[in-house]
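Quick notes on the structure that follows.
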Protein chains: 2
Amino acid sequence: MLPEDNILFKGIDQSDCQRMISCFNADIKTFRSGQKIMDYSDNPDKLGVILCGTAVMVRYDINGVRSIMESLNEQSIFGVYFTFTASQRSGIEIVAETECNVMFVRRSEITKRCEKACQCHSKVVENLLQLMSEKAISLNERIEVLSQRTIEEKLISCLSIIEEKTPNGKAPQIPFSTTALSDYLCVNRSALQREITRLKNNGVLTISKRKFKLMRNRDSDN
Amino acid sequence: MLPEDNILFKGIDQSDCQRMISCFNADIKTFRSGQKIMDYSDNPDKLGVILCGTAVMVRYDINGVRSIMESLNEQSIFGVYFTFTASQRSGIEIVAETECNVMFVRRSEITKRCEKACQCHSKVVENLLQLMSEKAISLNERIEVLSQRTIEEKLISCLSIIEEKTPNGKAPQIPFSTTALSDYLCVNRSALQREITRLKNNGVLTISKRKFKLMRNRDSDN
DNA sequence: AAAAATCTGTTGCAATTGCAACACAGGAGG
DNA sequence: CCTCCTGTGTTGCAATTGCAACAGATTTTT
């Protein structure tokens, strides 16, 4: 991927991009599926952008129970938000799901002003603002899902959000396996399975593979 | 409160502040306790900063169940994240808890460049970045709490975070009533009460009024 | 192609949680 | 002082959820 296609450098021409990448000391690395991309015990100032591939942000609590905090695709950004959190309390990691190329930049390099590329700096900051806004929206969506009191409500809330974001004409699709979905929803897998089956039997939900459809018209009783 | 005390205008001197406030078409309004400050059905571009007072971000789901999404104090910022979201799906509102002064700015006014105050604009954008970063951390903390599988774990996780943020020497304090806390944790109030009582009896937790203390040394059995 | 590993789907049982109802405490306001 | 309203604390019972175990399907590795 060329630098100027990168969301962080959007709107900046290629020559400036190259200059800024070296100015930022940006670092591009490749990871294989399953490899750990980032561990929040390391550097809180580090910021990553996925150039290609997919990854997940996972958390292991004291009992070793895994929660998927977020799924990350191409152009996803991570690391910005944990600048001040006490991450030692919980083990948060970014793990590659497929082969990934990741660009690392230090947040402080972006925020500071330098003589060489001032006009570009502020553009990058604006882009970053935009990205953080989008990221925060997805955090809010997550909270909306987790706020639901029952598994049924969590599931329907989650599927509604996916459905809403799916372009017209395309079939909405769950970006997880059922097992991973249960981690995302923070519920027991077999209990989730039970709910899915129940909703299918009630005609509220249709699933084939990962494609699904929600029927909202019938009043969802029983 | 003077403009230059405002977090959004931090590092900008007063004359520039005044100029920018009119340049931004910033709007300062007063709300009484209980009044609705913002309704996400209205303007997605609008951004608010609480100048004084406290407020809460609440959500009413389809069944009318209230969840506190966040509590907002002086200098809290809201409205930044929902720029593109379909918030019409769920009824999100900002409601004053006490009398509040709130400054409203349009997000697009901040991001755009103007000839009159360019150097200040980028400073404001940086400040905004900082604010969003902090806000996103609190969203992540909320997710961390809601990710916990049981009420006990949710409660302890929540209290740990509060404890960690409390300055040394001060007694950690819950910023909610128990009833509001149950909304924040998205659990049933009486079930939460039951857990609190149980933890107190087991010597894990001490609470007087809203001040509390967690004992972590004993292994939390029973 | 066989073996290993992971995911799906199901179920009985135990534990947790929600619900509803009630008693009591404290604060606001007439 | 009394009343109204909101929050606290408790409990029995019902509903939901977690847990464990298992069988079969699917994918990955050898």
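All chains are named by letter (A, B, ...) in the order of the sequence lines, taking the proteins before the strands, and each is independently numbered beginning at 1.
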Inset, instruction - Would you mind reporting whether B/Leu199 and B/Ile156 have side-chain heavy atoms less than 4.5 Å apart? - result: yes
Legend entry - Set of residues satisfying side chain to side chain donor-acceptor pair (under 3.5 Å) with respect to B/Ser138, sequence neighbours excluded: B/Glu70
Legend entry - Set of side-chain contact (heavy atoms from CB on, under 4.5 Å) partners for B/Ser190, sequence neighbours left out: B/Asn188
Inset, instruction - Any chance you could lay out the side-chain contact (heavy atoms from CB on, under 4.5 Å) test for B/Arg198 and B/Glu152, step after step, and finish with the verdict? - result: CA-CA 9 Å; B/Arg198 204 172 56 77; B/Glu152 174 183 340; 2.7 Å; yes
Legend entry - Leading and trailing nucleotides of DNA chain C with any atom under 4.0 Å from heavy atoms of chain A: C/dC7 to C/dG12
Legend entry - Sugar-phosphate, base or nothing in reach of A/Ile196, heavy atoms under 4.0 Å: nothing
Inset, instruction - Using the side chain to side chain contact (heavy atoms under 4.5 Å, CB included) rule, pick out the option among A/Leu47, A/Ile37, A/Val49 that qualifies with A/Phe78. - result: A/Ile37
Legend entry - Residue closer to the 5' end of DNA chain C, A/Lys200 versus A/Arg194 (nearest nucleotide): A/Lys200
Inset, instruction - Please name all residues satisfying salt bridge (Lys or Arg N to Asp or Glu O under 4.0 Å) with B/Lys165, sequence neighbours left out, ordered by chain then number. - result: B/Glu141
Legend entry - Nucleic acid footprint by protein, nucleotides 24-30 of chain D - heavy-atom cut-off 4.0 Å, B for base, S for sugar-phosphate alone: ---S---
Inset, instruction - Starting at CG of A/Leu155, measure out to OG of A/Ser182 and round the result to the nearest 0.5 Å. - result: 11.0 Å
Legend entry - Donor-acceptor contact present, side-chain A/Gln148 to main-chain A/Glu144, <3.5 Å: yes
Inset, instruction - Check side chain to side chain donor-acceptor pair (under 3.5 Å) between B/Thr30 and all other residues, then give those that pass, not counting sequence neighbours. - result: B/Asn101
Inset, instruction - Output all residues satisfying side chain to side chain donor-acceptor pair (under 3.5 Å) with A/Thr54, sequence neighbours left out; order by chain, then residue number. - result: A/Glu97
Legend entry - Sugar-phosphate, base or nothing in reach of B/Thr197, heavy atoms under 4.0 Å: sugar-phosphate
Legend entry - Terminal helix-axis angle for the helix from C/dA1-D/dT30 to C/dG30-D/dC1, with five pairs defining each axis and rounding to 10 degrees: 50°
Inset, instruction - Verify, without hydrogens or angle tests, whether B/Glu153 (side chain) and B/Arg149 (backbone) share a donor-acceptor contact under 3.5 angstrom. - result: yes
Write down the protein N/O and nucleotide N/O pairs, taken from nucleotides 3-8 of chain D, whose separation is under 3.5 Å; answer none if there are no such pairs.
{"unit_1": "D/dT8", "atom_1": "OP1", "unit_2": "B/Thr178", "atom_2": "N", "d": "3.1"}
{"unit_1": "D/dT8", "atom_1": "OP1", "unit_2": "B/Thr178", "atom_2": "OG1", "d": "3.3"}
{"unit_1": "D/dT8", "atom_1": "OP2", "unit_2": "B/Thr178", "atom_2": "N", "d": "3.3"}
{"unit_1": "D/dT8", "atom_1": "OP2", "unit_2": "B/Thr179", "atom_2": "N", "d": "3.0"}
{"unit_1": "D/dT8", "atom_1": "OP2", "unit_2": "B/Thr179", "atom_2": "OG1", "d": "2.8"}

Inset, instruction - May I ask you to decide if B/Tyr184's main-chain N or O and B/Arg142's side chain share a donor-acceptor pair within less than 3.5 Å? - result: yes
Inset, instruction - Sequence neighbours left out, what passes side chain to side chain donor-acceptor pair (under 3.5 Å) with A/Gln193? Give chain and number order. - result: none
